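Let me begin by presenting the structure, written as structure tokens, before commenting on it.
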2 protein chains.
Amino acid sequence: MIRIVVIGTGNLGTQLCSAFEKSKNCTLVGYLNHSNRSLDTLQAPLVKSLGTLPVCDLILLCTPDDTIATISNEIKTNAIVAHTSGSVSLEAVSNHKNHGVFYLPQSFSKSRTARFEEITICLEASSSKVMEQLEFVGSSLSRKRKHLNSSQRKYLHLAAVYANNFVNHCYLKTQQVLEKEHLELELLEPLMKETLLKAIEMGPYSAQTGPAKRADLTTLETHKNMLDATELDMYQAITQSILKTYGTEL
Amino acid sequence: MIRIVVIGTGNLGTQLCSAFEKSKNCTLVGYLNHSNRSLDTLQAPLVKSLGTLPVCDLILLCTPDDTIATISNEIKTNAIVAHTSGSVSLEAVSNHKNHGVFYLPQSFSKSRTARFEEITICLEASSSKVMEQLEFVGSSLSRKRKHLNSSQRKYLHLAAVYANNFVNHCYLKTQQVLEKEHLELELLEPLMKETLLKAIEMGPYSAQTGPAKRADLTTLETHKNMLDATELDMYQAITQSILKTYGTEL
């Protein structure tokens with residue numbers, strides 16, 4: 001039984017705590033958060049400070065990126081210390097002999113229960129012994145695990161910005177364009193779903209359609225005239241990128 | 001029984017032909033395509049030319065946008081003539097007394113069977129009598145139907161560019177960033193799915209996360225340095241649009 005302390009109870013931290021409490025291989029022995037607020041949903045005790053951590057095998061940092069190195073430096077322990085960030089390097093926790101990274105490339109929310117079993121858990125470790133432990137903890141959440149070094153994880157995180165942040169912003173623009181004619185986003189939900197399924201099945205390169213792909217200048221011009229000045233930059237930049245990709249740059 | 005002729009057997013035309021052949025309310029009495037090629041999957045006969053159209057109640061134009069008006073002008077008929085384009089106005093077929101639009105906001109492919117029952121069929125008609133007929137044909141495909149005028153449909157089509165063309169291009173960029181570190185797009189499939197489900201459940205405005213949303217300049221700078229010159233424009237334009245949306249324009 002691996003004894004785990006989770007530091008930080010944001011979206012990811014909270015869901016990990018719950019998952020570890022239900023796990024057969026791991027047990028949550030405590031958790032901390034900056035507001036010193038105990039969570040009704042958990043049985044493990046709230047730990048009041050970094051100076052009073054319970055005996056454990058793994059400390060998981062689920063705090064904001066820019067706090068990881070500082071918090072790591074305040075911890076005195078022989079346990080493994082691992083962070084869960086996509087964009088922070090392994091070095092941030094290297095003040096501990098046994099350290100690692102336990103990164104889940106997913107977007108977590110309080111209101112939606114994470115399906116850990118679908119996620120590939122991306123691991124990095126200071127030694128093969130630490131890796132073995134992280135693998136074991138990871139196996140309690142998902143059968144899919146992968147070893148990534150800090151550079152690979154950095155690119156994975158950038159890729160996630162496109163797949164999540166940018167895609168979601170395109171959905172917002174979709175909604176805003178529809179609102180101009182008092183139409184609901186719901187009208188395009190089947191298209192949003194099909195877009196995803198097609199990209200997965202055919203690959204996004206082959207799945208591309210639309211006026212930019214076929215260099216249909218008349219439609220592109222019509223669209224430009226329908227957009228506000230503030231919307232033009234983004235519309236043009238993505239359009240140019242598609243034109244470039246398919247060899248029809250204007 | 002409504003007798004239908006479909007002109008154009010691209011992705012949409014082919015799927016509509018199959019659907020009408022299976023329908024209880026409609027029957028496909030013929031189809032045309034520019035290559036004069038008959039399709040094994042259909043029982044209805046290939047019609048050789050616009051001059052020899054069989055007797056029918058509805059002629060559906062499923063040809064490229066820029067051919068609709070021309071083809072419409074070549075047709076001599078008393079039947080309803082309707083086109084299926086998101087970006088072409090009703091006028092393009094107005095040389096016929098009874099005319100309309102039968103638009104399905106979806107991305108169709110040869111390799112994937114369309115689920116018409118999920119799509120809201122967007123209708124416009126020259127008269128209430130024509131609308132009644134289009135409603136009846138639409139009801140054989142989906143329970144969801146909506147009356148949209150040409151301006152509404154134009155904005156719906158622009159919105160679809162964001163929801164499909166631009167989102168798919170973000171998926172391509174995701175894949176290209178991953179390839180730099182020899183990683184597979186599969187790794188981010190759960191994130192792509194969750195991004196869609198979150199946007200639908202919470203609305204895209206609330207679902208937004210990431211460095212641009214929280215104006216995390218350090219991460220934005222790191223990302224810029226990881227991108228090729230050709231990728232910067234699009235990355236910057238979407239980032240600026242997110243910053244603007246959440247009131248943190250730089």
Side-chain angles (χ1 to χ4, degrees), chain A residues 87 105-107 109 112 118-120 151-152 155-156 158-175 177-178 180-181 183 187-196 198-200 204-205 207-212 219 223 226 230 233-234 237-238 240-242 244-245, chain B residues 87 105-107 109 112 118-120 151-152 155-156 158-175 177-178 180-181 183 187-196 198-200 204-205 207-212 219 223 226 230 233-234 237-238 240-242 244-245:
Chain A
S87 54
Q106 182 54 291
S107 173
S109 346
R112 297 178 50 84
E118 291 175 357
I119 305 169
T120 302
S151 169
Q152 289 179 307
Y155 277 89
L156 177 60
L158 173 57
V161 165
Y162 283 95
N164 173 273
N165 304 169
F166 288 2
V167 163
N168 184 71
H169 193 60
C170 288
Y171 293 151
L172 180 67
K173 287 287 154 195
T174 305
Q175 189 178 45
V177 170
L178 289 171
K180 293 182 191 187
E181 290 282 348
L183 299 171
L187 208 52
L188 289 183
E189 271 180 28
L191 178 64
M192 291 155 70
K193 286 181 186 159
E194 181 66 12
T195 302
L196 173 62
K198 261 179 87 166
I200 288 175
Y205 186 87
Q208 188 67 48
T209 58
T219 303
H223 285 173
M226 292 163 71
T230 56
D233 264 6
M234 177 172 149
I238 305 179
Q240 281 299 334
S241 183
I242 298 175
K244 229 179 271 179
T245 302
Chain B
S87 55
Q106 182 54 291
S107 174
S109 344
R112 296 179 51 84
E118 291 174 356
I119 306 169
T120 302
S151 168
Q152 289 178 309
Y155 277 89
L156 178 60
L158 173 57
V161 165
Y162 283 95
N164 172 272
N165 305 168
F166 288 3
V167 163
N168 183 71
H169 192 61
C170 288
Y171 292 151
L172 180 67
K173 286 287 153 196
T174 305
Q175 189 178 44
V177 170
L178 289 171
K180 293 182 191 189
E181 290 282 349
L183 300 171
L187 208 52
L188 289 183
E189 271 180 28
L191 178 64
M192 290 156 70
K193 286 181 187 160
E194 181 66 12
T195 301
L196 173 62
K198 261 179 88 166
I200 288 175
Y205 186 87
Q208 190 67 49
T209 58
T219 304
H223 284 173
M226 292 163 70
T230 55
D233 264 6
M234 176 172 149
I238 304 179
Q240 281 298 334
S241 181
I242 298 175
K244 228 179 271 178
T245 302

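Chain naming here is simple, since letters A, B, ... match the order of the sequence lines and numbering starts at 1 in each. Just so it is clear, the model here is predicted, and its values are computed rather than measured. Quick note: numbers below take in every heavy atom, side chains included, and nothing from hydrogens, waters or symmetry partners.
- Annotation for M234(A) and A237(B): closest pair CA-CB, 3.9 Å, computed over non-hydrogen atoms.
- Contact annotation for Q152(B): both backbone and side-chain heavy atoms come within less than 4.5 Å of a heavy atom of chain A.
- Annotation: the span from M226(A) atom CE to L158(B) atom CG amounts to 4.5 Å, rounded to 0.5 Å.
- In this structure, CZ on F166(A) lies 11.5 Å from NZ on K173(B), to the nearest 0.5 angstrom.
- Pairing each heavy atom of V177(A) with each of Y155(B), the nearest pair is CG1-O, 3.4 Å.
- Considering only heavy-atom pairs separated by less than 4.5 Å from chain A, the leading option among L156(B), T219(B), I119(B) is L156(B).
- In this structure, the portion of L183(A) lying under 4.5 Å from any heavy atom of chain B is its side chain and not its backbone.
- In this structure, NE2 on H169(A) lies 10.0 Å from SG on C170(B), to the nearest 0.5 angstrom.
- A pairwise comparison of heavy atoms in S107(A) and T209(B) identifies OG-OG1, 4.4 Å as the closest pair.
- Counting heavy-atom pairs under 4.5 Å between each of A160(B), G210(B), P190(B) and chain A puts P190(B) at the top.
- Note: N164(B) leads N164(B), T230(B), T120(B) in heavy-atom pairs under 4.5 Å with chain A.
- Partners of S151(A) under the side-chain hydrogen bond (donor to acceptor under 3.5 Å, both in side chains) rule, at least two apart in sequence or in another chain, are E181(B).
- In this structure, T245(B) has no side-chain hydrogen bond (donor to acceptor under 3.5 Å, both in side chains) partners at least two apart in sequence or on a different chain.
- Atoms CD and CD, from E118(A) and E194(B) in turn, are 8.5 Å apart once rounded to the nearest 0.5 Å.
- Contact of the L172(B) side chain with the Q208(A) side chain is not registered, since no non-hydrogen atoms from C-beta on lie closer than 4.5 Å.
- Ranked by heavy-atom pairs under 4.5 Å with chain B, the first of N165(A), D233(A), L187(A), L178(A) is N165(A).
- Proximity to chain B is limited to the side chain of L188(A), based on heavy atoms less than 4.5 angstrom apart.
- In this structure, the side chains of M192(A) and V167(B) stay at 4.5 Å or more apart for every pair of heavy atoms.
- If you take OH on Y171(A) and NZ on K198(B), they are separated by 12.5 Å, rounding to the nearest 0.5 Å.
- If you measure heavy-atom distances from L196(B) to chain A, the contacts under 4.5 Å come from both the backbone and the side chain.
- When all heavy atoms are compared, the tightest approach of T174(B) to A159(A) is CG2-O, 3.5 Å.
- No side-chain donor-acceptor contact under 3.5 Å links E189(B) to the backbone of I200(A).
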